[in-house]
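These notes concern the structure reproduced below.
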There are 2 protein chains.
Amino acid sequence: MTIITIKKSITAQRILDSAEALFAESGYDGVSLRHITQHAGVELALPNYHFGTKLELFKRVIERRSEILNKERMGALTSLENSASIDSIIIAFTEPVLKRTVSGDIGWQNYSRLVAQTANSPRWSREVMSHEFDPVALEFVRRTKMCFPSAKDEEIFWGFHFLLGAMTITFAQTGRIDILSKELCKTTDLVGIHKRMVPFLSAGFAAICAS
Amino acid sequence: MTIITIKKSITAQRILDSAEALFAESGYDGVSLRHITQHAGVELALPNYHFGTKLELFKRVIERRSEILNKERMGALTSLENSASIDSIIIAFTEPVLKRTVSGDIGWQNYSRLVAQTANSPRWSREVMSHEFDPVALEFVRRTKMCFPSAKDEEIFWGFHFLLGAMTITFAQTGRIDILSKELCKTTDLVGIHKRMVPFLSAGFAAICAS
DNA sequence: TATATATTTGAACAGGTGTTCAAATATATA
DNA sequence: TATATATTTGAACACCTGTTCAAATATATA
């Protein structure tokens with residue numbers, strides 16, 4: 001019983017890992033099932049056997065790690081004190097993805113890059129991203145409201161929108177800012193970025209949410 | 001002479017317009033030349049005649065409007081007074097794209113969405129986006145440095161990075177925030193967004209750049 | 001009107017696409 | 001060991017892909 005589970009997950013996970021890496025690099029339409037199976041070293045028909053269609057495989061790639069991420073984010077947000085600062089709320093939201101991407105795990109790095117470009121695609125942002133990430137996003141908004149009791153909901157949602165943009169472009173790790181800054185800034189220095197991102201976003205929230 | 005120029009640009013522009021709309025919806029690999037030519041109502045071989053390969057067509061789509069945008073942005077930035085506030089610098093950078101996207105011109109709306117998803121794609125962000133937009137980005141950084149003379153260059157580049165993320169997700173107009181906020185926020189309400197985005201980002205810059 | 005140039009047409013090319021399926025093999029259960 | 005189930009194989013399916021090109025047509029120049 002355990003053996004077949006392990007055996008099955010070996011092939012299935014190899015496919016998921018390869019799909020994740022290649023989708024992150026070239027997007028859904030830029031990758032074929034033949035690219036994926038060749039990269040994973042398995043037969044062409046196996047993705048269909050384990051996951052169904054290419055679209056179902058793509059969705060499974062996204063949700064595999066979002067389950068882990070959301071569980072931890074939700075836990076961090078709900079265990080905050082009622083008087084939690086906006087800084088700590090932002091950190092509770094960003095820390096789970098930050099620490100995994102920083103850890104050097106290539107799988108999480110690919111996943112972050114994949115989510116980043118998926119979030120800004122009209123084709124996927126509503127169908128896939130909303131479905132995966134909206135519950136925890138609403139919890140973020142709820143906690144932020146407790147920070148700024150006099151702020152209108154509208155302002156907090158827009159604040160979250162800007163936060164999401166900054167986060168997205170950061171974890172996309174495109175390396176563009178490296179070139180622009182003549183290597184003064186490093187896309188891979190996520191800890192250094194986080195140290196600036198939290199105060200930047202906190203001040204932004206305060207500016208539009210304080211009465 | 002004028003007649004052939006007009007005649008040529010009619011077909012060429014129809015191809016560019018269709019390519020722009022379809023690339024914005026589904027990305028470079030999600031669109032075929034047959035989709036584009038069918039949408040434009042022209043023969044399959046014509047994109048090759050007017051622009052060369054599919055890749056060259058894509059680059060031409062991006063640069064067609066970036067030329068206009070950059071000229072205006074550069075003008076707005078360089079004509080600022082030396083004592084210009086961070087608010088006015090941000091506005092100088094964002095206004096040219098804002099006003100065109102808001103105007104209702106479907107071409108500019110498609111272009112904004114296309115640029116948004118191109119910016120977060122590893123495949124395009126360095127090769128295409130850097131080439132098109134870095135000169136004006138450096139001018140933005142130069143002006144911002146005059147606002148915060150004691151700030152390190154690094155901080156200003158990171159501020160620009162966060163600004164770019166917020167701008168990108170905004171002009172992507174994916175509609176995700178509409179669903180999340182139960183239609184309290186409208187992706188299409190760019191003027192309302194801009195009213196929040198400028199103070200949000202200004203406060204963010206001040207937070208990390210003030211000594 | 002005759003000539004040169006610009007543009008459009010329609011078809012073809014070699015190769016890649018997601019998906020399917022019966023047959024073969026491996027693994028688990030009894 | 002014999003039987004049932006899970007997985008893998010290798011080939012085939014109909015269709016879509018970017019690119020090319022000689023021939024036809026339209027337009028500009030003299």
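Bear in mind that the values here come from a model prediction, so they are computed numbers and not experimental data. A, B, ... follow the sequence lines: proteins, then strands. Residue 1 opens every chain.
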Salt bridge (Lys or Arg N to Asp or Glu O under 4.0 Å) partners for A:Arg126, two or more places apart
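Once residues adjacent in sequence are excluded, A:Arg126 has no partner under the salt bridge (Lys or Arg N to Asp or Glu O under 4.0 Å) criterion.
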
What residues form a salt bridge (Lys or Arg N to Asp or Glu O under 4.0 Å) with A:Lys186, not counting sequence neighbours?
A:Glu183

[atom1] of [X] versus [atom2] of [N]: gap in Å, rounded?
X       : N      : atom1 : atom2 : result
B:Arg14 : C:dT8  : CZ    : P     : 11 Å
B:Ile10 : C:dA6  : CD1   : C1'   : 15 Å
A:His50 : D:dT7  : NE2   : C1'   : 7 Å
A:Phe51 : C:dT19 : CZ    : P     : 14 Å

Contact under 4.0 Å: A:Thr11 side-chain N or O vs D:dT8 OP1/OP2:
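The answer is yes; a side-chain N or O of A:Thr11 sits under 4.0 Å from OP1 or OP2.
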
Should the pair [X] and [Y] be assigned to parallel (<30°), tilted (30 to 60°) or perpendicular (>60°) ring geometry?
X        : Y        : answer
A:Phe23  : A:Phe58  : perpendicular
A:Phe200 : B:Phe205 : perpendicular
A:Phe160 : A:Phe93  : perpendicular

Those residues that, when tested against A:Trp158, pass ring-ring contact (aromatic ring centres under 6.0 Å, His included) (two or more places apart):
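For A:Trp158, the residues satisfying ring-ring contact (aromatic ring centres under 6.0 Å, His included) (neighbours in sequence not counted) are A:His161.
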
Would you list the pairs meeting ring-ring contact (aromatic ring centres under 6.0 Å, His included) in which at least one residue belongs to residues 169-190 of chain A, sequence neighbours left out?
none

side-chain hydrogen bond (donor to acceptor under 3.5 Å, both in side chains) against A:His131, all qualifying residues, sequence neighbours excluded
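A:His131: no side-chain hydrogen bond (donor to acceptor under 3.5 Å, both in side chains) contacts found.
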
Of the residues in residues 19-39 of chain B, which ones touch DNA chain D at a heavy-atom distance under 4.0 Å?
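Of all residues in residues 19-39 of chain B, the ones placing a heavy atom under 4.0 Å from DNA chain D are B:Val31, B:Ser32, B:Leu33, B:Arg34, B:His35.
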
What are the residues of residues 40-49 of chain B, sorted by number, that bring a heavy atom to within less than 4.0 Å of DNA chain D?
B:Leu44, B:Ala45, B:Asn48

Are A:Glu72 and A:Arg100 within salt-bridge range, i.e. N to O under 4.0 Å?
yes

Between A:Glu132 and A:Arg65, does at least one N-O distance fall below 4.0 Å, as a salt bridge requires?
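So A:Glu132 does not pair with A:Arg65 through a salt bridge.
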
I'd like a table of atom pairs between the protein and nucleotides 22-25 of chain C - only N or O on both sides, under 3.5 Å - with the distance next to each one.
none

Both atom distances under 3.5 Å, Watson-Crick or G-U wobble: I'd like the secondary structure of DNA chain C as a dot-bracket string, with | for pairs made across strands.
||||||||||||||||||||||||||||||

Enumerate the residue pairs fulfilling salt bridge (charged side-chain N to carboxylate O under 4.0 Å, His left out) with a member in residues 22-49 of chain B, sequence neighbours excluded, ordered by first and then second residue.
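Applying salt bridge (charged side-chain N to carboxylate O under 4.0 Å, His left out) to every pair that reaches into residues 22-49 of chain B, excluding sequence neighbours, yields B:Glu25-B:Arg113, B:Asp29-B:Arg123.
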
Sequence neighbours left out, what pairs pass salt bridge (charged side-chain N to carboxylate O under 4.0 Å, His left out) with at least one residue falling in residues 48-60 of chain A?
A:Lys59-A:Glu127, A:Arg60-A:Glu63

For residues 189-201 of chain A, which residue pairs pass the side chain to side chain donor-acceptor pair (under 3.5 Å) check, not counting sequence neighbours?
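Listed once each, the pairs are A:Thr94-A:His194, A:Arg196-B:Glu154, A:Arg196-B:Glu155.
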
